[in-house]
Enquirer: 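My questions will all concern the structure given below.
Just so you know, these numbers use all the heavy atoms, side chains as well, and skip hydrogens, waters and symmetry mates. Every number for a ligand or one of its atoms is a count from 1 in the order of the listing.
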Amino acid sequence: MSDLNALSLVAQMDGLATGAFSATELVQAHLDAVDRHDALNAFITVTADLALDTAAQADAARVRGEASPLAGIPIAHKDLFCTEGVLTTCGSRMLENFVAPYDAEVVRRCQAAGFSMLGKLNLDEFAMGSSNENSAFGPVRNPWDRSRVPGGSSGGSAAAVAARLTPLATATDTGGSIRQPAAFTGTCGLKPTYGRVSRWGMVAYASSLDQGGLIARSAEDLAIGLAVIAGHDAKDSTSSREVVPNYRAALNSPCQGLRIGLPSAFFDARMSDAMRQALETVKQTLTALGAELIEVELPHLTHAIPAYYVIAPAEASSNLSRFDGVRFGHRVADPQDLTDLYTRSRGEGFGSEVKRRILIGTYALSEGYYDAYYKKAQQIRRLIKQDFLQAFTQCDLLLGPTTPGTAFAIGAKQDDPVAMYLEDIYTVATNLAGLPGGSFPAGLLDGLPVGYQLMAPHFAEARILQVAHHVQQVTAWHQLQPEGL
Ligand code: GLN
């Protein structure tokens, strides 16, 4: 690994500002690493020429004294964000040739800030999955152990950051897809509050749950990235007008007196001893920083997975109806008639997990079942949200594990969708409640990374980043890196 790849985003900004290296050198070092680690399969598309062009522009602007602090810093986008003139596949055969006519708002903001886009990152098809094995472009490998999954659906984003192919990656989280891969790869992932980051141009999976966010190597790097992508966007009617705070300035607010709730439903008998031990160390660190730990209840949390796996497929079945072989994506050759065009185009274009979700969702929304499944799931969703709001009257943040265990072997859960769905047991509830959540490294278990999760009230991302930043000042978990880079 080159010295430049080893630098965090903050250190890269400093190096560019002082002229220790140029943006062109920095971007080239990352493109070389992308090449060298092609076997991870983290990227679907590499945009080397574009990245080098932007880097050259950044270097020229810097000479003139006109460069923004992020000009020329490498970034890569999950291939669910539309990019003008560059493939956007969503990890699907359905969109394998799709070139969007516009940039997603997140992409546009990153470009306006001066980032150099290295390319588009692999993911589970349409963000449905917890292992990245559902990609039509093949699984992503975990840099810590290449026989294991990196988590999903933002597996490419997490693997790329863990392997130092990019200091920052965009990602999306509908039920855990930023936090779970971050936990599996020893990286930091932030899923902002629903509405904090524009969904414009982010291909929809389950619109009431989807939220764009970031994966990076430290809380400070996340704070810098979030400042770029957060904020109101008139093109997204669910985008919030809440003022965007100065996330970086807030990192140093003291943790003294913060009350951190431990939901008993997270620390129940299902938690392995090893995970309990890992979280114990996090708890001790937080106490040493002056935080107060208290127990809280989230009584309806056990219903989060069933509710999520009704609501998310229901919304997916509706969102994915636009892929019909007429307007977007794959179209079958020689259709006999319109029905044949629809059915064969969709049959060929979608993978099996996407088809399963469409079937479940269509069933749950159909007449006669709507009240029994969809309406019931929405009622549970409201109860879960109330549980969180109640808990936040007693504490400022919640702490829990991000995942039940560490990264599992490729293939281990592929034939058992329910086992795969249970991977999301600690993450889906925050999406149902629209809350922000972050996953941060808590060391290694048997050589594999493990993550802890912080959840906060709506729009309190700064508090999550502040606490994680303080932990990162007194521990070195976030600096651990896979061997062989
Ligand atoms: N694993 C969950 C699912 O498959 C979450 C995915 C996500 O957050 N995009 O729905």
Enquirer: Is there any N or O on T174 that sits under 3.5 Å from an N or O of ligand 1?
Expert: yes

Enquirer: Quick check for you: to the nearest 0.5 Å, what is the distance between L397 atom CG and R463 atom CZ?
Expert: 6.0 Å

Enquirer: Under 4.0 Å from a heavy atom of M128: which atoms of ligand 1 are those, numbered in the order shown and with their elements?
Expert: 4 (O)

Enquirer: Please name the pair of heavy atoms, one in A433 and one in H458, separated by the smallest distance, quoted to 0.1 Å.
Expert: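 Heavy atoms only, the tightest pair is O-NE2, 2.8 Å.
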
Enquirer: If you have a sec, work out which protein heavy atom is nearest atom 5 (C) of ligand 1 and how many Å separate them, to one decimal?
Expert: Y308 OH, 3.3 Å

Enquirer: Which atoms of ligand 1 are found less than 4.0 Å from any heavy atom of Y309?
Expert: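 Contacts of ligand 1 toward Y309, numbered from 1: 1 (N), 2 (C), 3 (C), 4 (O), 10 (O).
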
Enquirer: Report yes or no: does a heavy atom of R357 sit under 4.0 Å from some atom of ligand 1?
Expert: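 In this structure, R357 qualifies as a contact of ligand 1 - some heavy atom is under 4.0 Å.
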
Enquirer: May I ask you to check whether D79 and T45 show a side-chain donor-acceptor distance below 3.5 Å?
Expert: no

Enquirer: Give the contacting part of Y421 toward ligand 1: side chain, backbone, both or neither, where contact means a heavy-atom distance below 4.0 Å.
Expert: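 Y421 to ligand 1: no contact under 4.0 Å from either part.
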
Enquirer: State the atoms of ligand 1, each with its element, that fall below the 4.0 Å cut-off from a heavy-atom position in S153.
Expert: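 Under 4.0 Å from S153, ligand 1 has these atoms: 9 (N).
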
Enquirer: Testing the 3.5 Å rule here: is there a donor-acceptor pair between the side chains of E295 and S264?
Expert: no

Enquirer: Got the closest protein heavy atom to atom 7 (C) of ligand 1, with its distance?
Expert: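 For atom 7 (C) of ligand 1, the nearest protein heavy atom comes out as S177 OG, 2.4 Å.
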
Enquirer: Can E423 and T403 be counted as having a side-chain donor-acceptor contact under 3.5 angstrom?
Expert: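 T403 and E423 do not have a side-chain donor-acceptor pair below 3.5 Å.
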
Enquirer: F137 and S92: which non-hydrogen atoms are nearest, and at how many Å?
Expert: CE1-N, 3.8 Å

Enquirer: Go through ligand 1 atom by atom and flag the ones less than 4.0 Å from a non-hydrogen atom of G175.
Expert: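 The list of qualifying atoms is 5 (C), 7 (C), 8 (O).
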
Enquirer: Only heavy atoms of D173, strictly under 4.0 Å: list the atoms of ligand 1 that pass.
Expert: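 Selected atoms, number and element: 8 (O).
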
Enquirer: Using 30° and 60° as the class limits, which term best fits the ring planes of W477 and Y452: parallel, tilted or perpendicular?
Expert: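 Geometry flag for Y452 against W477: perpendicular rings.
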
Enquirer: Report, as yes or no, whether the 6.0 Å neighbourhood of atom OH on Y369 holds more than 12 heavy atoms from other residues, nucleotides or ligands.
Expert: no

Enquirer: Considering only the protein, which heavy-atom contact is closest to atom 2 (C) of ligand 1, and what is its distance?
Expert: D424 OD2, 3.1 Å

Enquirer: Numbering the atoms of ligand 1 from 1, which are under 4.0 Å from a heavy atom of A127?
Expert: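 Checking each atom against A127, I get 6 (C), 7 (C), 9 (N).
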
